[in-house]
Amino acid sequence: KGEATNRNTAKTLAATTKRREADPNMTKYDISPLFSRMATNYVRMFEKVPFAKKDYFFGHFPDVMSFTLLLSYHSAYPRSKSKIDDDSFKQ
């Protein structure tokens, strides 16, 4: 699976370079491979959620993503938990 991901990343970078050469007026968001990957995955996820559950799912999606990010910080920096739990960090 790792090799496939590397090939996909290389393809995305190559496609981004071609788009940049074709249109020099592209914004930094249009040419960012990371942004393109996030946008593509968001659309894929949007298409997979059943129509009847889209409002519920995407109504809670920002909260879930925020909590996931917070848990990632807790996991990556266990000694900084007191700083992460501070209200100023959460804003």
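- Under the 4.5 Å side-chain heavy-atom criterion for Ile, Leu, Val, Met, Phe, Trp and Tyr, Tyr73 and Leu71 are members of distinct hydrophobic clusters.
- Hydrophobic clustering, with ILVMFWY side chains joined whenever heavy atoms are under 4.5 angstrom apart, groups Phe61 together with Val49.
- Taking CE of Met45 as the reference point, atom CE of Met38 lies at 11.0 Å (rounded to 0.5 Å).
- Across all their heavy atoms, Pro62 and Gly59 have their closest contact at CD-O, 4.0 Å.
- Heavy atoms from other residues, nucleotides or ligands lying under 6.0 Å from OH of Tyr42 number more than 12.
- Under the 4.5 Å side-chain heavy-atom criterion for Ile, Leu, Val, Met, Phe, Trp and Tyr, Phe57 and Met65 are members of the same hydrophobic cluster.
- Remark: Asp63 CG is packed, more than 12 non-hydrogen atoms of other residues, nucleotides or ligands lying under 6.0 Å away.
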